[in-house]
Protein chains: 2
Amino acid sequence: MDLVVSASHRGRPREFCTENALAAALAVFWRKGYEGASLSDLTDAMGISRPSLYAAFGNKEALFRQALDLYEREKMAYVGEALAQPTARGVAEYMLMGALERQTSVCDPRGCLGVVSAMQCGDEAQAIRSEVQARGAAANEALIARFERAKIDGDVPPTADAGGLARLLYAVMQGLAMQASAGATAAELRSLVDTALQCWPTR
Amino acid sequence: MDLVVSASHRGRPREFCTENALAAALAVFWRKGYEGASLSDLTDAMGISRPSLYAAFGNKEALFRQALDLYEREKMAYVGEALAQPTARGVAEYMLMGALERQTSVCDPRGCLGVVSAMQCGDEAQAIRSEVQARGAAANEALIARFERAKIDGDVPPTADAGGLARLLYAVMQGLAMQASAGATAAELRSLVDTALQCWPTR
DNA sequence: CTAAATCCATAACGCTCGGTATGTAAGTAA
DNA sequence: TTACTTACATACCGAGCGTTATGGATTTAG
């Protein structure tokens, strides 16, 4: 049990940047999903060999989890900002506009890593599926809590269903991601978001 | 080129019912998606051997298409009925209630065969993905046309965006299917649908 | 300079995949 | 019965999967 974690670089130093490699892996998972991304796809995009991948990241599942962390940290930051908006409508606006901006970005893949990976049903990927679904459920819970608070704030009518509003908003965002990855144009996605915001209550 | 299609059963008759076998295959595809369903999964559920499957249905892709036809014919019939409703709100109500009923059925798998299969990204399954997306796009176009007519009927305000309404409704249904296959309870799905209908314009 | 440690490259492992060749059983038509 | 047609059962194919064993290259520690 060697617990020496000293950063003294003994032995040959690695020849690639793990952060860049992880970003490349994220792009592959994002485009193809967890099971759709083969190790050859990953190593090709990362520019490293299979043993290097296993030495640096553990295995495919661990690599995916790290890519998912990076994705949430860098690409889903707007969700946290949305929850901090002062009104329920502001939350919905920030969420939908953030999602629209993300889905119409020209440099990132279409679709949502969480959405595409949560739909994978392979027998072996059940753990991944559960993990992604758990993270989505946590975000949904945060949305519900935010709308509950909005009821107290008088921000939405006290008869409103906070859980229903949260799940509806979440469903629209999931559908937005699906239609984006199905090839909808930016104008079509924008019309979807605009209409959703026109329909959103308590303007 | 033997064009004799006479139903004279020459040779050994097959020992299984193709309709039952196709229904069993549909259940497997529905639960696991196109790529997630292996030939072993399919033959086990259908109770037939691999060569029998290929003789009766062609190959895995052809089998999926036939299962998809069966699915649309038997499980998505409510979409056509929805489009025939007299008002735009009636269309939305019928669509969402039909989807809710489907997703909360106790005898069928959760989720939507189209949704789960459209998210498969494997290199080989691109044709399947395109096929499913094309069918979804056709349904979306029908929805758009229906809401355009609703504008003429004075059913929705003339300033409304028919395309936006159609894509929004479609997105809510996609999100509903996703949350259903992610394990949401019937009550949660019902709250989603109820809230969506409360938000729907021109009540 | 030697020894230990760490990384890279190649190739292989066992497994599952979709699809098929082969031989036999079961039915009809003469 | 005899010939022919069709379906079933078994076993196999080549390819791709995630993972790892092996050996050489490159660095630091003593």
Side-chain angles (χ1 to χ4, degrees), chain A residues 1-18 20-21 25 28-29 32-67 117 120-128, chain B residues 1-18 20-22 25 28-29 32-67 117 120-129:
Chain A
M1 202 64 69
D2 203 339
L3 291 181
V4 175
V5 201
S6 73
S8 70
H9 296 300
R10 276 192 328 206
R12 179 176 173 179
R14 69 163 46 103
E15 295 174 350
F16 62 94
C17 166
T18 56
N20 290 352
V28 175
F29 281 130
K32 312 189 121 190
Y34 175 72
E35 295 201 293
S38 73
L39 274 188
S40 297
D41 294 332
L42 292 165
T43 53
D44 285 354
M46 301 164 85
I48 65 178
S49 66
R50 285 165 127 89
S52 297
L53 188 154
Y54 278 80
F57 300 101
N59 58 8
K60 187 186 179 184
E61 184 172 331
L63 173 64
F64 178 82
R65 273 178 228 271
Q66 295 171 62
S117 299
Q120 314 273 148
C121 304
D123 36 354
E124 297 293 337
Q126 198 73 16
I128 291 291
Chain B
M1 201 66 67
D2 203 340
L3 291 181
V4 175
V5 203
S6 72
S8 70
H9 297 299
R10 280 193 326 207
R12 179 176 174 179
R14 69 163 46 102
E15 296 175 348
F16 63 94
C17 166
T18 57
N20 290 351
L22 184 58
V28 175
F29 281 130
K32 311 189 120 187
Y34 175 72
E35 295 201 292
S38 72
L39 276 186
S40 298
D41 293 332
L42 292 166
T43 52
D44 286 354
M46 300 164 84
I48 64 178
S49 67
R50 281 162 128 89
S52 297
L53 188 154
Y54 277 80
F57 300 100
N59 60 7
K60 187 186 179 185
E61 185 172 331
L63 173 63
F64 178 82
R65 273 178 227 273
Q66 295 171 62
S117 299
Q120 313 272 150
C121 304
D123 37 354
E124 295 294 338
Q126 198 73 18
I128 291 293
R129 185 179 160 92

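Here is how names work: the chains are called A, B, and so on, in the same order as the sequence lines, proteins then strands, and each is numbered from 1.
- Under the 6.0 Å distance and 45° angle rule, B:Lys60 does not count as a cation-pi partner of B:Phe29.
- The CG atom of A:Asp44 sits 6.0 Å away from the OG atom of A:Ser40 when rounded to the nearest 0.5 Å.
- Between the side chain of B:Arg10 and the base of C:dA29, no donor-acceptor pair of N or O atoms lies under 3.5 Å.
- The two residues B:Gly36 and B:Asp41 come nearest to each other via the heavy atoms O-OD2, 3.7 Å.
- The closest side-chain heavy-atom distance from B:Leu42 to B:Ile48 is not below 4.5 Å.
- A side-chain donor-acceptor contact under 3.5 Å links A:Gln66 to the backbone of A:Phe57.
- Taking the side chain as every heavy atom from C-beta outward, B:Glu15 and B:Arg12 approach each other to under 4.5 Å.
- Taking atom CD of residue A:Glu35 and atom P of nucleotide C:dC17, one finds them 11 Å apart after rounding to whole Å.
- Within residues 54-66 of chain A, the residues approaching DNA chain D are A:Tyr54, A:Asn59, A:Lys60, by heavy-atom distance under 4.0 Å.
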Side chain to side chain contact (heavy atoms under 4.5 Å, CB included) assessment of B:Tyr34 paired with B:Glu61: CA-CA 8 Å; B:Tyr34 175 72; B:Glu61 185 172 331; 3.6 Å; yes
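- Cation-pi geometry between A:Arg50 and A:Tyr54 is not satisfied (NZ or CZ under 6.0 Å from the ring centre, within 45° of the ring normal).
- One interatomic measurement links the two molecules: CD of B:Glu15 to C1' of C:dG27, which rounds to 11 Å at whole-angstrom precision.
- Minimum interatomic distance between B:Ala45 and B:Val28 (heavy atoms only, all atoms of both residues): CB-CG2, 3.4 Å.
- Rounded to whole Å, the distance from CZ on B:Arg14 to P on C:dT28 is 15 Å.
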Strand DNA chain C in bracket notation, Watson-Crick/G-U under 3.5 Å with | for pairs to another chain: ||||||||||||||||||||||||||||||
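- Residue B:Leu63 holds its CG atom at 6.5 Å from CG of B:Leu22, rounded to the nearest 0.5 Å.
- For A:Arg12 and C:dC7, the CZ to C1' distance is 5 Å, given to the nearest whole Å.
- A:Phe16 is not listed as a side-chain neighbour of A:Met46, based on a closest heavy-atom distance of 4.5 Å or more.
- For residues 43-53 of chain A, proximity to DNA chain D is found at A:Arg50, A:Pro51, defined as any non-hydrogen atom under 4.0 angstrom from a strand atom.
- If you measure from atom CZ of A:Phe16 to atom P of C:dC7, you get 8 Å, rounded to the nearest angstrom.
- Taking atom CG on B:Leu39 and atom P on C:dG18, their separation rounds to 4 Å, with Å as the unit.
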